[in-house]
There are 2 protein chains.
Amino acid sequence: MREGPDIARIASLVGDPARANMLNALMGGTALTASELALEAGVSLPTASSHLGKLMEGGLLTVASQGRHRYYGLAGPQVAGMIEAITGVAEAVGPKRVRPGPRDGAMRVARVCYDHLAGEQAVTMLDRLVAKNVLVRDEQEIRLGPSAASHFAAIGIDVYTKPRRPVCRACLDWSVRRSHLAGTLGAAILDKILAEKWARREKDSRAVIFSPPGRQAFERVFLT
Amino acid sequence: MREGPDIARIASLVGDPARANMLNALMGGTALTASELALEAGVSLPTASSHLGKLMEGGLLTVASQGRHRYYGLAGPQVAGMIEAITGVAEAVGPKRVRPGPRDGAMRVARVCYDHLAGEQAVTMLDRLVAKNVLVRDEQEIRLGPSAASHFAAIGIDVYTKPRRPVCRACLDWSVRRSHLAGTLGAAILDKILAEKWARREKDSRAVIFSPPGRQAFERVFLT
DNA sequence: AGGATGCTTCGATGAGGAACGAACCATGCG
DNA sequence: CGCATGGTTCGTTCCTCATCGAAGCATCCT
C-alpha cells in the first residue's frame with residue numbers, strides 16, 4: 001500500500017484495447033483526427049471521443065485544433081518510449097510466432113518510431129554519424145559534433161532551429177536492442193527521407209520501405 | 001483495428017492498482033511470498049492469489065516453490081525496464097510535487113532497480129568502469145574488457161559464472177536519463193555492497209542509503 | 001442564412017472483473 | 001496422526017467503465 005507515482009493510472013490508460021490501438025496508431029508519428037482514431041480503434045465516434053478525453057487528462061496526448069479538425073498526437077518522446085517498452089514485453093511474452101512474417105522483416109529493417117526512423121538501418125546510421133564525429137555520444141546523451149552544422153546544412157537540414165525538445169536523443173530499439181537517433185534531428189532526417197521519396201510508408205503499418213535508388217541515395221548521404 | 005503484439009493485455013495487467021503495487025514491491029529485487037504481496041497491495045489473500053495467477057499467465061512473473069512458501073519475482077530485466085518506463089511517465093505526468101521530499105533525494109542518489117543498483121551513484125560507477133576499460137561499451141551493449149576478470153576477482157566477484165542472463169546490460173535510469181549497469185554483474189555488485197554493509201536498504205522503499213565509511217569504501221573500490 | 005461535416009456531451013445499457021468469505025489442498029510441526 | 005500455517009479455488013456480490021444512440025456545439029462551405 002505504498003505511495004509513489006501512479007503507475008496503475010497510466011498503465012490502465014494503455015490497458016484498454018481501444019486506447020491501445022489509438023496509441024499504437026499514433027506511434028506512426030503523424031497526428032490523427034478523432035474520427036481517424038475511431039476507425040483505427042474500431043469503435044464509434046462518441047466512444048473514441050471519450051477515450052481521447054481520458055488520454056488527454058492522463059497527459060499522454062496533446063491536441064491541436066485546426067479549424068473543425070482536432071489533431072491528436074503523442075505527448076512526447078517519453079510516452080513513445082514507454083509504448084515501445086510495453087510493446088517489447090508483449091512481443092517477448094506473447095505467442096511466439098515461429099516464423100516472422102514479411103512485414104515483420106520490413107519492420108525490423110526500417111520503421112517509424114513516433115516521429116523518427118527506427119530499425120537496423122537507423123541504428124547503423126547513428127553508428128556512422130558517431131564514427132564520423134558528426135555526432136558525439138556520451139552514454140544516452142548525444143550532442144552535435146563540430147562538423148555537424150556544415151554537414152547537415154549540406155543536406156538541407158538546419159540543426160539550429162531551436163525547439164523546446166532536445167535536438168538529439170538516444171531511443172532504444174526494441175528489435176535490435178541498441179539505440180537509434182531521436183529528437184528533432186532524428187525527426188528532420190525522417191522528413192528528409194520521405195520528402196526526397198527515398199522511401200515510402202507502408203500503408204497501415206509503421207514499416208518504411210526504401211526503393212533501390214532511394215536506399216543508395218540514403219547510404220551515400222548518411223552512411224559514407 | 002490493426003494487429004500486433006497485445007500491448008493492451010500487458011498494460012491492463014499493470015493497470016490494476018493492486019497488481020501495480022505488487023509489481024512495484026517486486027522492483028525491490030527480492031522475491032516475495034503471496035501473503036507479503038497481499039499485504040503490500042492492501043488486499044485479502046484470495047484476491048492477491050487471483051492477481052498473481054493473472055500476472056503469471058501474462059508472463060510477467062516467475063515463481064519458485066520452497067516448502068509451503070511460494071516466492072514470486074519479476075520475470076526478467078525486460079519487465080523491470082518496462083515498469084521503470086511507465087514509472088517515468090507517471091512521474092513526469094503526475095501531480096508535480098513542487099518540492100521533492102527527502103526520500104526522493106535518496107532515491108535519486110541510489111536505489112534498487114529489480115536486482116541491481118540504480119541512481120546517480122550507479123551511473124557514475126558505470127562511467128568509471130568504462131573509462132578504466134574494465135568494461136567496454138558499444139551503444140546499449142556492454143562487454144567485459146580484458147582486465148575485467150582480474151579486476152572483479154580482486155573484489156571477490158566471479159564474472160564467469162555462466163547464467164542464462166547476460167553478464168552485462170545497460171539499463172536506462174529514469175531519474176538521470178543515462179544508463180547504469182544491469183545484468184548478473186550489476187546484481188553481483190549490489191550483493192557485494194549489501195554484504196559488506198557499505199549501505200542498507202531503506203525499509204519499505206527502494207532507496208539505498210550509504211554509510212559515510214561505506215561510501216568511501218565503495219568509491220575506493222569502484223570509482224578510482 | 002442554411003446546410004453539411006467534425007466532434008463532444010448526455011443518458012441508458014450491459015459486461016467484465018475486482019473483491020471477499022467459505023471451503024478446499026498442501027506442507028511443516030509436535 | 002492431529003493441528004496450524006500458507007495458498008488456491010469457488011461462488012457471489014458489487015461497481016466500474018466501455019459502448020452506443022441521440023442530441024448539442026462548433027466550424028466551414030455556398
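Order of the sequence lines sets the chain letters (A, B, ...), proteins ahead of strands, with each chain counted from 1.
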DNA chain C contacts among residues 53-60 of chain B, heavy-atom distance under 4.0 Å: B:Lys54

Criterion side chain to side chain contact (heavy atoms under 4.5 Å, CB included) on B:Ile189 and B:Ile155, from CA distance to verdict: CA-CA 10 Å; B:Ile189 290 177; B:Ile155 313 176; over 6 Å; no

Aromatic ring pairing B:Phe222/B:Phe218, orientation class (parallel under 30°, perpendicular over 60°, tilted between): tilted

Most 5' of B:Ser35 and A:His51 on DNA chain D, judged by nearest nucleotide: B:Ser35

Start and end of the DNA chain C segment that chain A contacts, any atom under 4.0 Å from a heavy atom: C:dA4 to C:dT9

Calculate the interatomic distance between [X] atom [atom1] and [N] atom [atom2]; express it in whole Å.
X: A:Leu13; N: D:dT16; atom1: CG; atom2: P; value: 17 Å
X: A:Leu52; N: D:dT19; atom1: CG; atom2: P; value: 12 Å
X: A:Asp16; N: D:dC17; atom1: CG; atom2: P; value: 11 Å

Applying salt bridge (Lys or Arg N to Asp or Glu O under 4.0 Å), can you list everything that pairs with [X], at least two apart in sequence or on another chain?
X: A:Arg143; answer: none
X: A:Arg9; answer: none
X: B:Glu196; answer: B:Lys192

If the condition is side-chain contact (heavy atoms from CB on, under 4.5 Å), which residues does [X] pass it with, not counting sequence neighbours?
X: B:Glu84; answer: B:Met27, B:Arg111, B:Cys113, B:Trp174, B:Arg206
X: B:Ala48; answer: B:Met22, B:Ala38, B:Val43
X: B:Val14; answer: A:Ile7, A:Ala11, B:Leu23, B:Leu60, B:Met82, B:Ile86
X: B:Arg68; answer: none

Sugar-phosphate or base contact per nucleotide [nucleotides 22-30 of chain D; S, B, -; heavy atom under 4.0 Å]: B----BS--

Nearest-nucleotide pick for B:Ser49, side chain only, options being D:dA18, D:dT19, D:dT8: D:dT8

Sugar-phosphate only, base, or nothing, as touched by A:Thr33 at under 4.0 Å among non-hydrogen atoms: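 Sugar-phosphate only.
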
Sugar-phosphate only, base, or nothing, as touched by A:Tyr72 at under 4.0 Å among non-hydrogen atoms: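 It contacts sugar-phosphate atoms only.
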
Counting only pairs under 3.5 Å, give me each side-chain donor-acceptor contact of residues 70-77 of chain B, with atom names and distances, residues two or more places apart or in other chains.
unit_1  : atom_1 : unit_2  : atom_2 : d
B:Arg70 : NE     : B:Ser65 : OG     : 3.3

Residue pairs, two or more places apart or on separate chains, that pass side chain to side chain donor-acceptor pair (under 3.5 Å) and touch residues 41-53 of chain B: B:Arg19-B:His51, B:Ser44-B:Thr47

